[in-house]
Amino acid sequence: MTDQQKGLKNAIDNLLPRAEHRRWELRGYPCSHGCAALFAMNERPKDNLHVCYTRTVYLKAYEHMLKPMKGSLYWPQTGHPDILPPKARRMPGRPKKNRRREQGEPGAGVKLGKKGVIMRCSRCLMYGHNKSTCGTSEEECSERQRLAAEEKNAQSEVARAQAIERKKKTTTQKKKQNRESGQGANEGQQPKRKRGSPTKAGNVQVLPPPPPLPPPGVGVYVFKDGTIQVSSQPVEGTSGSNKTAMKKHNASQP
């Protein structure tokens, strides 16, 4: 330490006898008070470090070669027996399967522990203790539980109102989008069937109306060549093999 540094240190000791600037003397670099004083004197704290922090001393400390040390095979042998660890002794009780974990190491199970969880009393609804150590009176506990129930009901009502409002808003937006996109574009097209099994009304197949029936006493005859003739009397000039009676209606049928 130079004479100037010693004078500066003595001046700081006289001004601040119990301050933390004594770290300068112990560690070798200026403290916050010393840096403030050096800046006031237009000096750099870097120039007032101990000589052990300089690059020259650091290189001088490691300038000699560090020779490697030989292994245990080259150690000198003695006539004494080797030192062995103590024999393992079976401890009482069931042996443990899991290893001992380090402090702060998470466990192997999937169940989370309650470390760091703030306890809450189920009786007075206060934090910091549980029901077994609760010392709150019955009247105060009843009042706290009543206020908690009212607050919970109010929150439920607000959540229900928000859900209804959100549903209405979504439905209105969907109707508006369908009106804008489907107006005039989907004319003449069948609506898309919803997913899932169709309703019972959708399972019924609507058939076209049957053709009108011929008047009573009229027979329909189909020949082999494909011609059809309707007559109330048998067709003359044809044999039974050349004609086939397809359908006859009784006079009593309407």
Please test E143 against Q145 for side chain to side chain contact (heavy atoms under 4.5 Å, CB included), starting from the C-alpha separation and ending with a verdict. CA-CA 5 Å; E143 184 67 17; Q145 291 180 1; over 6 Å; no

Using the rule given for side chain to side chain contact (heavy atoms under 4.5 Å, CB included), can you reason through H129 versus R120, listing the C-alpha separation, both sets of side-chain angles and the distance that settles it, and then say yes or no? CA-CA 6 Å; H129 63 277; R120 186 181 184 183; over 6 Å; no

Residues C141, T136; criterion side chain to side chain contact (heavy atoms under 4.5 Å, CB included); working and verdict: CA-CA 7 Å; C141 291; T136 313; 3.7 Å; yes

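Looking at N153 and S156, their side chains never bring a donor and an acceptor atom within 3.5 Å of each other.
Residues passing the side chain to side chain donor-acceptor pair (under 3.5 Å) test with R44 are D47, sequence neighbours excluded.
Within the structure, side chain to side chain donor-acceptor pair (under 3.5 Å) contacts touching residues 55-77 (residues at least two apart or in different chains) do not occur.
Residue-environment remark: CD (Q173) exceeds the threshold of 12 foreign heavy atoms within 6.0 Å. Annotation for E150: atom CD counts as buried by contact number, over 12 foreign heavy atoms lying within 6.0 Å.
Scanning both residues, G34 and P30, for their nearest heavy atoms gives C-CB, 4.4 Å. Annotation for F39 and P45: closest pair CE2-CD, 3.6 Å, computed over non-hydrogen atoms.
In this structure, E140 does not pair ionically with R123, as no charged nitrogen and carboxylate oxygen lie closer than 4.0 Å. Electrostatic pairing of K168 and E165 does not count as a salt bridge here, judged by no charged N lying under 4.0 Å from a carboxylate O.
Using a 4.5 Å heavy-atom cutoff, the side chains of N48 and L38 are in contact. Using a 4.5 Å cut-off on side-chain heavy atoms (C-beta onward), R89 and K87 make no contact. With a 4.5 Å cut-off on side-chain heavy atoms, R27 and H50 do not count as touching.
Under a 4.5 Å side-chain heavy-atom criterion applied to ILVMFWY residues, the cluster that includes I118 comprises Y127 as well.
Rounding to the nearest 0.5 Å places CZ of R144 at 6.5 Å from SG of C124.
For the pair E151 (side chain) and A148 (backbone), a donor-acceptor distance under 3.5 Å is absent.
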